[in-house]
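First the structure, in the form of structure tokens, and then the observations on it.
Just so it is clear, the structure is predicted and the values come from calculations on it, not from any experiment.
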Amino acid sequence: EALDTSGMDAEKVAAFTAALEAAQAVAADKNPTQAQVDKAYVDLDEAFEALGGVVTVDKTALDAAVTAAEAKVAEKDKYTPASWQKVADALATAKGLQADTTAKQPTIDAAKDALNKAVADLVLKAVKTDLNTAVETAEALNGDDYTAETWSKVTAALETAKVLQTNENATQQQVDAAVEALNTSIGYLANVSGGPNKAALTLAINRAEAKKAEKDKYTTDSWQAVEDALTAAKNIGADATQEEINAAAKALNDALDDLV
């Protein structure tokens with residue numbers, strides 16, 4: 001609908017007309033940038049207001065994003081500090097705009113999008129039970145009992161694992177990779193004496209013992225499988241072959257991995 005500009009300041013009318021034509025050009029462009037769209041919107045908005053027009057903005061989606069983010073506050077400790085900080089920052093910006101009567105629609109929409117993305121990108125803190133068990137097992141080993149080559153791989157993997165223990169922003173993927181690397185290096189240890197390596201079996205046993213504190217989380221049948229494999233692992237004798245030791249460790253680890 002045409003705007004009646006009769007009696008209005010000619011300079012302001014000219015500015016509005018120029019802003020309108022620029023906005024129409026952006027609207028006709030099939031591939032405008034977001035910056036071009038936002039500028040055209042704000043320029044037209046301001047030119048219209050200069051003529052005495054009242055521009056309304058819609059904060060419905062922003063309000064919904066704030067409500068969703070605030071619902072996460074009570075459980076913020078579940079997430080890594082770094083990912084939560086992004087939510088906190090975006091939430092503060094969004095709440096500021098809720099109270100800002102001069103906020104423009106592009107700014108409101110951008111804040112809504114940023115807050116929704118920050119919430120969607122939240123990263124759960126990694127579960128480090130297996131990491132801690134692997135570190136404790138490795139630290140209890142005596143490096144002098146093993147060949148220098150195989151022990152050096154354990155120490156390298158152990159160093160990485162210990163860094164992740166204290167890193168609150170470590171992802172589950174990083175933790176799992178460190179656990180696998182450390183467990184593998186322990187499994188490949190070679191005794192200086194030439195005898196069988198029971199370190200991997202000890203690790204599996206320690207892992208099972210650590211799970212006992214949360215056994216009520218699992219089904220009776222799946223936990224019983226762990227108990228049976230744990231008993232068998234503990235009963236491995238001093239004269240057991242490497243194959244028997246490896247089989248017992250694998251059976252226990254498989255039972256642990258199959259917990260439901």
Please say whether more than 12 non-hydrogen atoms of neighbouring residues, nucleotides or ligands are located less than 6.0 Å from [atom1] in [X].
X    : atom1 : value
Y218 : OH    : yes
E168 : CD    : no
Q98  : CD    : yes
E70  : CD    : yes
E75  : CD    : yes

What pairs meet the salt bridge (Lys or Arg N to Asp or Glu O under 4.0 Å) rule with one or both residues in residues 111-127, with sequence neighbours excluded? K117-D121

Working for salt bridge (Lys or Arg N to Asp or Glu O under 4.0 Å), residues E214 and K211: CA-CA 6 Å; E214 54 186 41; K211 284 286 186 182; 3.4 Å; yes

How far apart are the C-alpha atoms of N132 and T129, what are their side-chain angles, what is the distance that settles it, and do they pass the side-chain contact (heavy atoms from CB on, under 4.5 Å) test? CA-CA 5 Å; N132 295 335; T129 305; 5.8 Å; no

For the residue pair T133 and A210, what are the closest heavy atoms and their distance? OG1-CB, 3.6 Å

Check [Y] with [X], please: is the shortest side-chain N to carboxylate O separation under 4.0 Å?
X    : Y    : answer
K39  : D43  : yes
R207 : D257 : yes
K198 : E244 : no

Can you spot which of N246, L252, N253, I245 makes a side-chain contact (heavy atoms from CB on, under 4.5 Å) with L201? I245

Residues T150 and T147: side-chain donor-acceptor under 3.5 angstrom: yes

Decide side-chain contact (heavy atoms from CB on, under 4.5 Å) for Y41 and D38; before the verdict, give the C-alpha distance in whole Å, the side-chain angles of both, and the deciding distance to 0.1 Å. CA-CA 5 Å; Y41 185 102; D38 291 349; 5.7 Å; no

